[in-house]
Amino acid sequence: MRELHFKDYFWNGELTSTGGYDCIIQHLNDGKRTCKEIEDFMKARASIEEKYAKELLGLSKKVCGHNEMNTLKRSLDMFKLQTEHVSLSHLQLAQTMRDEAKKLEDFRERQKETRKKVEQQMDALHKQRATQFKKTMETKKTYEQKCRDKEEAEQNMNRNASTSNVKQQEKLLTKTQQAKQNAEEADRLYMHNVSVLGKTREDWQKEHIKACEVFEKQEVERINTLRNMVWTHLNQLSQQCVTSDELHEEVRKSLEQCDIQEDIEHFVNLRRTGDKPPAPVLYENFYSGQRVPTGPPSSRTAPPITRRGPLPNPDNTEGDVIYSTVDPGYSALQY
């Protein structure tokens, strides 16, 4: 399939028309605005990343688990440290985005300078072409008028050839010869201007082709640059996600080392205050004068109290001796 190019499809039927050229220029101006919009987008995204990074950095400095100890404290310290690293990575991402935006700005300025030179040259040719075309059309009009004057003089001389005297015939002849001379001069001038216009047209046509090739090359570079920039931008964001996940993985690894029982034992060993409960407080009768000795408690201690759930309800009571009534004479006290 044949490739389509600017130089083949932006011509006009009228010599002085610039419609095709103007169409290309309008498209390039639209492309320039797109470059500026992408550039502004990248700068705005960089500002967002920088603001987020600074907020995250401030958050990582806040007190978090100051009173914790042992393995959980190490995990929380790692959590804060990696949060700080995430913030720094976002700060680096913001700077990278600004660098990419600066590259696009430089690219846009380079294209602007190149286009400016070509457009100035083409504008001069368009002006020269229009001026020469106007001049040629004016000389054509003069040439046609002089030819009509010549024909009129010849016809007038022929009509009066037999009726006028010699003096009048000489006068008509002189007028006819002058009209013929004027027509010939106008013809030469008209032919010269047509020749000059032809040369001007050839020069413009060659430069138009060159301009189209330059503009098409710029358009190819612009599309390629924007496509690659957006691709790079997405790679940067993906890499940021990978970096953040790697930093978060460090926190997860630290949490895996967080041992609950070890932390409990660490706290007990560090802050233990004693391993015996206080002695029971005994009743003392104020009036009896008797005082219960305040010695060490008896070695005989009360049985431990244990918790247990309610007894299950029997499915049926007929013949079930497990849940029979206890003999009133039974006592749990042993003497």
Side-chain angles (χ1 to χ4, degrees), residues 51-93 239-335:
K51 182 178 179 181
Y52 174 69
K54 290 181 178 179
E55 293 288 341
L56 202 58
L57 183 61
L59 183 63
S60 69
K61 303 300 182 183
K62 290 185 177 295
V63 174
C64 182
H66 178 71
N67 295 323
E68 285 298 332
M69 57 183 62
N70 209 40
T71 62
L72 181 57
K73 178 174 177 57
R74 290 196 294 270
S75 294
L76 293 179
D77 289 343
M78 177 64 70
F79 173 56
K80 289 178 59 180
L81 176 63
Q82 299 307 330
T83 300
E84 179 181 351
H85 289 170
V86 169
S87 71
L88 295 177
S89 67
H90 278 279
L91 199 61
Q92 179 62 40
L93 176 61
Q239 182 58 47
Q240 176 62 37
C241 292
V242 172
T243 300
S244 296
D245 188 65
E246 290 175 350
L247 296 173
H248 296 157
E249 182 62 21
E250 293 299 319
V251 180
R252 288 190 287 267
K253 290 179 180 179
S254 178
L255 290 172
E256 288 176 350
Q257 301 302 318
C258 177
D259 190 309
I260 298 176
Q261 185 58 38
E262 182 181 336
D263 283 7
I264 294 296
E265 294 177 0
H266 175 82
F267 170 74
V268 170
N269 292 329
L270 185 66
R271 302 288 175 81
R272 61 192 302 170
T273 59
D275 57 358
K276 295 180 180 180
V281 178
L282 304 178
Y283 170 76
E284 297 180 1
N285 190 298
F286 180 79
Y287 297 101
S288 66
Q290 297 179 354
R291 298 290 186 268
V292 177
T294 57
S298 171
S299 60
R300 183 178 181 182
T301 59
I305 300 175
T306 59
R307 294 181 180 272
R308 63 180 178 181
L311 292 174
N313 293 324
D315 293 335
N316 61 77
T317 57
E318 295 181 3
D320 194 340
V321 296
I322 298 177
Y323 298 101
S324 61
T325 304
V326 179
D327 186 351
Y330 176 80
S331 173
L333 297 178
Q334 302 293 328
Y335 296 96

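Because the structure is predicted, anything quoted here is derived from the model rather than measured.
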Any pair counted as side chain to side chain donor-acceptor pair (under 3.5 Å), so long as it reaches residues 264-274, sequence neighbours left out:
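Qualifying pairs, neighbours excluded: Q261-E265.
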[X] side chain vs [Y] backbone, donor-acceptor pair below 3.5 Å:
| X | Y | result |
| --- | --- | --- |
| K61 | E84 | no |
| S244 | C241 | no |
| S254 | E250 | no |

Can you tell me if L270 has over 12 outside heavy atoms packed within less than 6.0 Å of its CG?
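Enclosed.
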[X]: partners by side chain to side chain donor-acceptor pair (under 3.5 Å), with sequence neighbours left out:
| X | answer |
| --- | --- |
| S60 | none |
| S87 | none |
| R252 | D245, E249 |

Taking all non-hydrogen atoms of both residues, which atom of S89 and which atom of T243 are closest, and how far apart?
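Minimum heavy-atom separation between S89 and T243: CB-CG2, 4.1 Å.
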Using ring-ring contact (aromatic ring centres under 6.0 Å, His included) as the criterion, list what pairs up with Y52, not counting sequence neighbours.
H90
Those residues at least two apart in sequence (or on a different chain) that pass side chain to side chain contact (heavy atoms under 4.5 Å, CB included) with K73 are E68, D77
Report yes or no: do T71 and Q257 form a side-chain donor-acceptor pair below 3.5 Å?
no
